[in-house]
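These figures come from a predicted structure and were not determined experimentally.
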Amino acid sequence: MRVLYRIATIEDRIRVPPEKLGTDVAKALRAAISEQMEGVLNSRLGMVLSVASIDRIGEGKIMPNDPGVYYDAEFRLLSFKPEMNEVVEGEVIDNTEFGAFVRMGPMDGLVHISQLMDDFVSFDAKNSVFLGKESKRTLKEGDMVRARVIAASFGSGDNKIGLTMRQSGLGVLSWIEDDKRKAGGKPDKAEKPEKKEKKEKKEKE
């Protein structure tokens, strides 16, 4: 899995409001950037989480009829932005008739019902559970899952992350472990018959 958290270096002119003036400029600038950008969805950065550092502060400038001070600054922002085809892990927080919402870090993604598993899926609305017809596998709220990003858009007014769990190695984490055990036959720690016989013979001697 790739890292979904990123550090981006930004150069911008930041307005520091008058109520923050008179204190340390770096602290005032950090506070102003935080208020303007943290929690905002940006088409290039994704969701901005925090100001990582202030690297350069230019000379303050005053504009006509504006009590604030503007600083040309260079700073770094910590953001969260899943990219296409990235593999993510998260918790199922809500099941609806059209799919499951997965909480991954500070954002939620949707796994449409058609992308839940490679099986015919029905939805039990009373218990908020999905059931695979052939596999008998269930997906319920609280399950930890692994999914792949198949759609991502930010800052366009229609922010969304689309996920799939139909590919190999994806799905509820317990499903993935079951598939590994089936593919490997016996559990990894099981001894082969011939080795077990030799061990017993050696212990008798």
Next on the checklist: Could you see if L45 belongs to whatever hydrophobic cluster contains M104? Use Ile, Leu, Val, Met, Phe, Trp, Tyr and a side-chain cutoff under 4.5 Å.
Outcome noted: no
Next on the checklist: Looking at every non-hydrogen atom in both residues, tell me the closest pair between L49 and P106 and how far apart they are.
Outcome noted: CD2-CG, 3.8 Å
Next on the checklist: Could you walk me through whether R76 and S53 satisfy the side chain to side chain donor-acceptor pair (under 3.5 Å) test, starting with their C-alpha distance in whole Å, then the side-chain angles of each, then the deciding distance to 0.1 Å, before giving a yes or no?
Outcome noted: CA-CA 5 Å; R76 293 190 295 168; S53 65; 3.1 Å; yes
Next on the checklist: With a sphere of 6.0 Å drawn around CD1 of I7, does it hold more than 12 non-hydrogen atoms of other residues, nucleotides or ligands?
Outcome noted: yes
Checklist entry - So, for A152 and P82, which heavy atoms are closest and what is the spacing to 0.1 Å? => result CB-O, 4.0 Å
Checklist entry - What distance separates I54 CD1 from E74 CD, expressed to the nearest 0.5 Å? => result 10.0 Å
Next on the checklist: Let's go through V40 and M47 carefully: what are the C-alpha distance in whole Å and the side-chain angles of both, what is the deciding distance for side-chain contact (heavy atoms from CB on, under 4.5 Å) to 0.1 Å, and is it a yes or a no?
Outcome noted: CA-CA 6 Å; V40 173; M47 177 176 282; over 6 Å; no
Next on the checklist: One thing to verify: whether D72 and R56 come together as a salt bridge, which I'm taking to mean a side-chain N less than 4.0 angstrom from a carboxylate O.
Outcome noted: no
Checklist entry - Tell me, do Y5 and L78 make a side-chain contact under 4.5 Å, heavy atoms counted? => result yes
Checklist entry - Less than 4.5 Å apart, any side-chain heavy atom of I176 and any of L170? => result no
Item to check | Closest non-hydrogen atom pair, E141 against S128 | outcome: OE2-CB, 3.5 Å
Next on the checklist: Between E177 and S174 (side chain of the first, backbone of the second, donor and acceptor by atom type, cut-off under 3.5 Å), is there such a pair?
Outcome noted: no
Next on the checklist: If I take atom CG from residue D124 and atom CG from residue L131, how far apart are they, to the nearest 0.5 angstrom?
Outcome noted: 8.5 Å
Checklist entry - With side chains defined as the heavy atoms from C-beta onward, is the minimum distance between I14 and F75 less than 4.5 Å? => result yes
Checklist outcome for this item: G60 and V69 have their tightest heavy-atom pair at CA-CG1, 3.7 Å
Checklist entry - Are D94 and T96 close enough, and set up right, to give a side-chain contact (heavy atoms from CB on, under 4.5 Å), and what steps lead you there? => result CA-CA 7 Å; D94 187 24; T96 68; 3.7 Å; yes
Checklist entry - Do the side chain of R148 and the main chain of N85 share a donor and acceptor less than 3.5 angstrom apart? => result yes
Item to check | Rounded distance [0.5 Å steps], CD1 in I150 versus CD in E86 | outcome: 14.0 Å
Next on the checklist: When you measure from the side chain of N42 to the backbone of V48, do you find a donor-acceptor pair of N or O atoms at a distance under 3.5 Å?
Outcome noted: no
Checklist outcome for this item: R103 meets the side-chain contact (heavy atoms from CB on, under 4.5 Å) criterion, sequence neighbours left out, with I93, D108
Next on the checklist: Tell me whether M165 shares a hydrophobic cluster with V121, the cluster being built from Ile, Leu, Val, Met, Phe, Trp, Tyr side chains joined at under 4.5 Å.
Outcome noted: yes
Item to check | From CG (L116) to OG1 (T138), nearest 0.5 Å | outcome: 11.5 Å
Next on the checklist: Checking S79 against R6: is there a side-chain donor and acceptor pair closer than 3.5 Å?
Outcome noted: no
Next on the checklist: Is there a side-chain contact between W175 and M117 in this structure, where contact means two heavy atoms from C-beta onward sitting under 4.5 Å apart?
Outcome noted: yes
Item to check | Common cluster, L110/F80, ILVMFWY with side-chain heavy-atom separation under 4.5 Å | outcome: no
Next on the checklist: Name the residue from D119, D143, D179 that meets the salt bridge (charged side-chain N to carboxylate O under 4.0 Å, His left out) definition with R137.
Outcome noted: D179
Checklist entry - Quick one: are L139 and V129 in side-chain contact, heavy atoms under 4.5 Å? => result no
Checklist entry - So do R15 and P17 actually touch side chain to side chain, heavy atoms under 4.5 Å? => result yes
Item to check | Worked check of side-chain contact (heavy atoms from CB on, under 4.5 Å) between V88 and V149 | outcome: CA-CA 7 Å; V88 299; V149 178; 4.2 Å; yes
Checklist outcome for this item: To the nearest 0.5 Å, atom CG of N127 lies from atom NZ of K140 at 11.5 Å
Checklist entry - Are L41 and M107 close enough that some pair of their side-chain heavy atoms sits under 4.5 Å apart? => result yes
Next on the checklist: Quick one, K20 with E35, criterion salt bridge (charged side-chain N to carboxylate O under 4.0 Å, His left out). Give me CA distance, side-chain angles, the key distance, then yes/no.
Outcome noted: CA-CA 12 Å; K20 288 184 170 57; E35 288 182 4; 2.7 Å; yes
Item to check | Shortest non-hydrogen contact from V92 toward A100 | outcome: CG1-CB, 4.2 Å
Checklist entry - How far apart are the C-alpha atoms of V145 and L173, what are their side-chain angles, what is the distance that settles it, and do they pass the side-chain contact (heavy atoms from CB on, under 4.5 Å) test? => result CA-CA 5 Å; V145 301; L173 298 187; 6.0 Å; no
Next on the checklist: Quick check for you: to the nearest 0.5 Å, what is the distance between Y70 atom OH and M63 atom CE?
Outcome noted: 6.5 Å
Checklist entry - Picking from F120, F123, F98, what satisfies ring pair (Phe, Tyr, Trp, His ring centres under 6.0 Å) with F130? => result F123
Checklist entry - Minimum heavy-atom separation for V16 to A28, with atom names? => result CG1-CB, 4.0 Å
Checklist entry - Can you tell me if E89 uses its side chain to pair, donor with acceptor, with the backbone of A147 under 3.5 Å? => result no
Checklist entry - Counting heavy atoms not belonging to E59, are there more than 12 under 6.0 Å from its CD? => result no
Checklist entry - Looking only at atom types and distance, does a side-chain atom of E97 sit under 3.5 Å from a main-chain N or O of I113, one as donor and one as acceptor? => result no
Next on the checklist: Just so I know, are the side chains of M37 and D12 near enough to count as touching, which here means a heavy-atom distance under 4.5 Å?
Outcome noted: yes
